[in-house]
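Position 1 is the first residue of the sequence, and the numbers go up from there. What you see is a predicted model; the values in this text were computed from it and never measured. Hydrogens, waters and symmetry mates are skipped; everything else that's a heavy atom, side chains included, is used.
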Amino acid sequence: MQKRFPSLPGYGVTWSANKRVTIVALFITALLIIAATTAWFTGRSEHDQNTDAPSPSSSSSPSEATPEPATGSGSVPKPPQISEPVAFAKAAAAMLWSYDTRDTDRDQQLAGMGAWMTKETTYADWASVSGQVPDPLLWSRMADQNQHATGTVTEGHYPSAFKQALAENPSAITEAYIYVVTVNGRQQIEWKKGGGGAEERAATLAVQCRPNHDCRLAGLAPGLTQ
């Protein structure tokens, strides 16, 4: 299961069960049709309407546009110039698992992550990505402890459902050129007074890699890791 940034002791941040199930269902649908335009857009609209609990990471609507990096992106790296889906997904996962509250505020973190997103709004599920960032109060408490983390990737692969769907209908990928990639790795966390720890990470990402263009992140699917 994809997790959020780790919190300070005593301050947990969790997905609502309904939201998690809804997002996974949407990505399974996308897998079956290789993210065809109509199904992807309809699925995201249904998610916005059916999710009762607001995202704990932001007071804005889930359909909020990806933020522009007007205030800079702090320690968040820029997206690499990569046109291969698995390689880009691995870089994106490492970015999502890394943060540094010592020199990056929450708005900068979001802006930096937004720079990795596809600009094709029909396919961009920004809510699933921005939902990985703790709410402003928790980010402030993390900053008080100089909390920072570094993500490392061990491997990335196409889930079996995606490979099967692609084999059954190879031409369908040309609709949106969205690939689904599962990435495994590790996150090392540190904070004041020598505190720290590490944990295994797994995430399934949807990345858009159109021919002759660099890849971009389309969304995140917690729990879909086979």
Side-chain angles (χ1 to χ4, degrees), residues 1-6 15 20 23-35 40 66 73 75-100 109 112-120 123-133 149-170 172-189 198-226:
M1 178 184 296
Q2 169 68 19
K3 301 178 180 178
R4 295 177 183 274
F5 292 141
W15 286 80
R20 183 169 61 249
I23 293 175
V24 172
L26 294 179
F27 270 79
I28 290 175
T29 301
L31 284 172
L32 295 177
I33 62 173
I34 318 301
W40 182 281
T66 306
S73 57
S75 61
V76 182
K78 294 181 179 180
Q81 294 180 320
I82 296 176
S83 58
E84 198 283 315
V86 174
F88 181 84
K90 290 165 69 175
M95 179 274 296
L96 291 171
W97 297 334
S98 302
Y99 60 90
D100 194 336
Q109 184 73 28
M113 292 164 62
W116 289 65
M117 297 293 295
T118 176
K119 301 304 181 184
E120 298 183 39
Y123 305 110
D125 185 8
W126 171 239
S128 68
V129 176
S130 62
Q132 304 305 299
V133 180
T150 302
T152 56
V153 170
T154 54
E155 68 88 31
H157 65 275
Y158 296 120
S160 57
F162 177 80
K163 291 191 291 184
Q164 179 180 350
L166 187 60
E168 292 175 353
N169 190 0
I173 195 70
T174 61
E175 181 72 39
Y177 286 98
I178 288 180
Y179 301 81
V180 179
V181 183
T182 293
V183 179
N184 291 288
R186 188 174 180 82
Q187 185 185 54
Q188 180 71 41
I189 312 129
E199 62 180 348
E200 301 301 314
R201 290 285 186 174
T204 297
L205 300 84
V207 299
Q208 184 179 49
C209 300
R210 290 195 179 277
N212 303 316
H213 289 79
D214 295 331
C215 295
R216 285 294 182 266
L217 183 61
L220 192 62
L224 193 60
T225 58
Q226 294 186 355

*Asks:* How long is the span from the OG1 atom in Thr152 to the CH2 atom in Trp97, to the nearest 0.5 Å?
*Replies:* 8.0 Å
*Asks:* Any chance you could measure Leu217, atom CG, to Asp125, atom CG, to the nearest 0.5 Å?
*Replies:*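 Going from CG on Leu217 over to CG on Asp125, the span is 9.5 Å.
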*Asks:* Kindly compute the distance separating CG (Leu96) from CD (Gln132), expressed to the nearest 0.5 Å.
*Replies:*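 Those atoms lie 7.0 Å apart.
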*Asks:* Can you name the closest pair of heavy atoms from Val181 and Tyr158 and give their distance?
*Replies:*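 Heavy atoms only, the tightest pair is CG2-CE2, 3.8 Å.
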*Asks:* Could you check Glu120, Arg216, His213 and say which one makes a side chain to side chain donor-acceptor pair (under 3.5 Å) with Gln208?
*Replies:* Glu120
*Asks:* For the atom pair NZ (Lys90) and OG1 (Thr154), what is the distance rounded to the nearest 0.5 Å?
*Replies:*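 The distance works out to 8.5 Å.
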*Asks:* What are the two closest heavy atoms between Ala203 and Leu220, and how far apart are they?
*Replies:* CB-CD1, 4.1 Å
*Asks:* Do Val207 and Trp116 pass the side chain to side chain contact (heavy atoms under 4.5 Å, CB included) test, and can you show the C-alpha distance, the side-chain angles, and the key distance before you say yes or no?
*Replies:* CA-CA 10 Å; Val207 299; Trp116 289 65; over 6 Å; no
*Asks:* Testing the basics here: between Gly156 and Val86, what is the closest heavy-atom pair and its distance to 0.1 Å?
*Replies:*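 Gly156 and Val86 have their closest heavy atoms at O-CG1, 3.6 Å.
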*Asks:* Identify the heavy atoms of Thr118 and Ala218 that sit nearest to each other, and give their distance.
*Replies:* CG2-CA, 4.1 Å
*Asks:* Around Glu155, counting heavy atoms of other residues, nucleotides and ligands shown, do more than 12 lie under 6.0 Å from its CD?
*Replies:* yes
*Asks:* For Asn184 and Ala202, work out which heavy atoms get closest and say how close.
*Replies:*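 For Asn184 versus Ala202, the nearest heavy atoms are OD1-CB, 3.3 Å.
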*Asks:* Just verifying a value: how many Å separate Tyr99 OH and Met113 CE, rounded to the nearest 0.5 Å?
*Replies:*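 Spacing of OH (Tyr99) from CE (Met113) equals 12.5 Å.
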*Asks:* Is a side-chain donor or acceptor of Thr150 paired with a backbone partner of Ser98 at a separation under 3.5 angstrom?
*Replies:* no
*Asks:* For the atom pair CZ (Arg210) and OH (Tyr177), what is the distance rounded to the nearest 0.5 Å?
*Replies:* 7.5 Å
*Asks:* State, to 0.1 Å, how close Pro159 and Val180 come at their nearest heavy-atom pair, and which atoms those are.
*Replies:* CD-O, 3.1 Å
*Asks:* Could you walk me through whether Ile173 and Tyr179 satisfy the side chain to side chain contact (heavy atoms under 4.5 Å, CB included) test, starting with their C-alpha distance in whole Å, then the side-chain angles of each, then the deciding distance to 0.1 Å, before giving a yes or no?
*Replies:* CA-CA 8 Å; Ile173 195 70; Tyr179 301 81; 3.9 Å; yes
